[in-house]
Amino acid sequence: MTEKKTDKGVTRHAADTPREAALTRRTFIGSASAAIAAGASVGTFSIIGRAQAAASGTVTMYTSMPTSYSAPVAAAFNKLGKGITVNVFYAPTYQALQRLEAELKANRVLCDIFLIADPGPFLNLKARKELLDYVSPEAKHYGKADRDKDGLWVNGRTVATMFAYNNTKLGAKDAPKTWQEFADAKWTGKLGGIDPRVGGTGYSWYYVTRNTPSLGIKWWEKLAKTKMLLTRGHGALMDRMVSGELPVTEQLDYAVYINIKKKKAPITAVYPPEITPVTIAPIAVIKRGPNNAAAKVFYDWWLSKAGQEVVRDIGGVYSARKDVAPLAGKPAYDTLKVMDIDYESYLKDRKKLTAEFVKVFGL
């Protein structure tokens with residue numbers, strides 16, 4: 001089901017969990033050194049010359065996909081024996097973007113593949129011709145809402161924002177079932193949520209609910225009165241919910257799924273009927289990256305059916321690829337009520353909406 005708004009829209013995003021371990025600086029520099037040793041330049045380069053070379057060597061992916069999920073996916077690719085080794089550098093969405101932008105400005109780019117939970121930056125990168133002009137043969141398996149109109153980026157990971165509750169502290173009868181009930185005054189001091197200023201999924205949560213007629217700014221004003229604890233990462237929210245410190249928290253569907261299925265956490269997932277904010281995490285090849293040829297091989301694999309099944313199974317997420325089924329126990333994606341996002345508006349409104357959020361919460 002799809003709910004459209006006349007002048008706005010809805011998105012799909014990815015998750016930022018700062019508590020997850022990232023590559024150390026030493027490991028990251030080591031990866032860069034390996035790329036240079038393999039013949040990759042960190043300055044200017046010839047795309048034509050690289051295209052003629054065999055795809056091999058090291059590929060570095062910058063991503064907001066937590067290391068506990070992205071590293072095993074990279075390892076699964078590395079085991080295929082294609083002569084390519086993928087290393088992962090993790091940072092929250094906007095920190096990863098800042099690092100890439102700094103490298104682009106200095107013309108010393110170490111990033112080959114970029115995947116973060118916000119489509120907005122990809123619009124800017126494309127406009128500045130920083131994305132490789134490459135259309136993966138796998139892109140045809142994705143709908144128009146999940147790929148760039150010219151094919152330069154594709155949704156590599158789909159994350160839904162919902163909430164969950166500790167079922168040892170709350171029974172199903174008493175627990176909230178809608179976003180309106182989530183913001184009820186009776187939960188004052190008992191709620192947790194991500195700060196919308198921190199990462200892509202947080203901003204998506206604010207943008208989508210803010211532009212849903214049945215919620216809007218009044219719902220956020222109501223929520224602010226509960227004194228909801230704001231955190232910089234969903235990992236901290238999950239820990240507090242599992243411990244019972246905060247019986248109800250906003251969450252990301254994949255983290256809830258993984259904690260229920262693999263960790264047997266005493267929590268119950270709730271997909272609110274008003275709207276399910278969805279965040280897409282685009283993936284693209286950076287044109288000035290040191291190893292375009294190998295990056296294209298990894299990019300194609302990530303978007304392939306086999307690659308998306310690995311991403312789904314390890315990460316507990318939905319795939320936007322039409323022939324990849326959802327994980328058992330999760331609602332079918334087409335049963336969720338989502339919003340179609342106008343990405344230009346989504347990007348343009350960020351500064352205004354985050355400032356509005358700060359005012360509403362008195363930060």
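All residue numbers refer to positions in the sequence shown, counting from 1.
Between the side chain of Asp349 and the backbone N or O of Leu353, no donor-acceptor pair lies under 3.5 Å. A donor-acceptor pair is defined here as one N or O able to donate and one able to accept, closer than 3.5 Å; such a pair exists between the side chain of Asn155 and the backbone of Ala281. Under the 3.5 Å distance criterion, the side-chain polar atoms of Lys330 are matched with a main-chain donor or acceptor of Gly316. The main-chain N or O of Thr58 is found under 3.5 Å from a side-chain atom of Asn291 such that the two form a donor-acceptor pair. Side-chain atoms of Thr231 come within 3.5 Å of backbone N or O of Gly233 as a donor-acceptor pair. Side-chain atoms of Asp174 do not come within 3.5 Å of backbone N or O of Leu170 as any donor-acceptor pair. For Asp253 (side chain) and Val317 (main-chain N/O), no donor-acceptor pair under 3.5 Å exists by modelled atom type. No donor-acceptor pair closer than 3.5 Å links the side chain of Thr249 to the backbone N or O of Gln251. A donor-acceptor distance shorter than 3.5 angstrom exists from the side chain of Trp302 to the backbone of Gly156, with no hydrogens or angles considered. For Asn78 (side chain) and Val73 (main-chain N/O), no donor-acceptor pair under 3.5 Å exists by modelled atom type.
Atoms CG and CD, from Leu229 and Glu250 in turn, are 11.5 Å apart once rounded to the nearest 0.5 Å. Separation of atoms CG (Leu347) and CD (Glu344) is listed at 7.0 Å; rounding is to 0.5 Å. If you take NZ on Lys140 and CG on Leu303, they are separated by 13.0 Å, rounding to the nearest 0.5 Å. Atom NZ of Lys227 is separated from atom OG1 of Thr188 by 8.0 Å, given to the nearest 0.5 angstrom. With rounding to the nearest 0.5 Å, the separation of OG1 in Thr276 from CE in Met162 is 8.5 Å. Note: Leu110 CG to Arg99 CZ = 7.5 Å, rounded to the nearest 0.5 Å.
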request  = Test side-chain contact (heavy atoms from CB on, under 4.5 Å) on Tyr142 and Arg321 and set out the steps.
outcome  = CA-CA 5 Å; Tyr142 295 77; Arg321 190 177 163 113; 3.7 Å; yes
query = Where do Val360 and Leu223 land on the side-chain contact (heavy atoms from CB on, under 4.5 Å) test, with the steps shown first?
reply = CA-CA 9 Å; Val360 169; Leu223 183 60; over 6 Å; no
request  = Could you go through the side-chain contact (heavy atoms from CB on, under 4.5 Å) check for Thr354 and Val358 one step at a time?
outcome  = CA-CA 6 Å; Thr354 52; Val358 168; 5.7 Å; no
request  = May I have the step-by-step check of side-chain contact (heavy atoms from CB on, under 4.5 Å) for Thr178 and Glu274, ending in yes or no?
outcome  = CA-CA 7 Å; Thr178 68; Glu274 298 102 329; 3.2 Å; yes
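Pro119 and Pro282 make their closest contact through CA-CG, 3.7 Å (heavy atoms, listed as atom of the first residue, atom of the second, distance). The minimum heavy-atom distance linking Pro92 with Ser64 is given by the pair C-CB, 4.1 Å. The nearest pair of heavy atoms linking Asn259 to Met238 is ND2-CE, 3.6 Å. The minimum heavy-atom distance between Tyr94 and Val198, with the atom names listed, is CD1-O, 3.3 Å. Of all heavy-atom pairs between Ala328 and Tyr257, the closest is O-OH, 3.0 Å. The shortest heavy-atom contact between Leu115 and Phe122 is CA-CZ, 4.4 Å.
Contact check for Tyr134 versus Tyr299: side-chain heavy atoms found under the 4.5 Å cut-off. The side-chain heavy atoms of Val86 and Asp112, taken from C-beta on, include no pair separated by under 4.5 Å. In this structure the side chain of Tyr165 never reaches within 4.5 angstrom of the side chain of Lys190, judged on heavy atoms. Side chains of Val154 and Glu138 form no contact here, defined as non-hydrogen atoms less than 4.5 Å apart. Counting heavy atoms from C-beta on, the side chains of Ile194 and Leu230 never come closer than 4.5 Å. Counting heavy atoms from C-beta on, the side chains of Pro277 and Thr209 come closer than 4.5 Å. Using a 4.5 Å heavy-atom cutoff, the side chains of Met65 and Tyr254 are not in contact. Looking at Pro266 and Asn166, their side chains come closer than 4.5 Å, going by heavy atoms from C-beta outward.
Cluster annotation: Val297 and Val135 are assigned to distinct hydrophobic clusters (Ile/Leu/Val/Met/Phe/Trp/Tyr, side-chain heavy-atom contacts under 4.5 Å, transitive). When the side chains of ILVMFWY residues are joined at heavy-atom separations under 4.5 Å, either directly or via intervening members, Ile283 and Tyr69 end up in a single hydrophobic cluster. Trp153 and Ile116 end up in the same hydrophobic cluster when Ile, Leu, Val, Met, Phe, Trp and Tyr side chains are linked at under 4.5 Å. Hydrophobic clustering (ILVMFWY, side-chain heavy atoms < 4.5 Å, transitive): Leu237 and Ile260 are in distinct clusters. In this structure, Trp219 is a member of the same hydrophobic cluster as Val248, with clusters built from ILVMFWY side-chain heavy atoms closer than 4.5 Å.
Using a 4.0 Å cut-off between charged nitrogen and carboxylate oxygen, Glu103 and Arg288 do not count as a salt-bridge pair. Using a 4.0 Å cut-off between charged side-chain N and carboxylate O, Lys305 and Glu309 make a salt bridge. Remark: Asp184 does not engage Lys186 in a salt bridge, criterion side-chain N to carboxylate O under 4.0 Å.
Counting heavy atoms of neighbouring residues, nucleotides and ligands inside a 6.0 Å radius, atom NZ of Lys222 exceeds 12 of them. Other residues, nucleotides and ligands contribute over 12 non-hydrogen atoms within 6.0 Å of the CG atom of Asp313.
Shown here are the side chain to side chain contact (heavy atoms under 4.5 Å, CB included) partners of Leu125, two or more places apart in sequence or in another chain: Leu100, Glu101, Leu104, Phe114, Arg128, Glu130, Leu131.
Using the six-membered ring where Trp is involved, Trp301 and Phe298 have ring planes that are parallel, under 30° apart on the 30 and 60° scheme. Between Phe361 and Phe357, the angle of the ring planes lies from 30° to 60°, which puts this pair in the tilted group. Trp205 and Trp179 have tilted rings, their planes meeting at an angle from 30° to 60° on a 0 to 90° scale.
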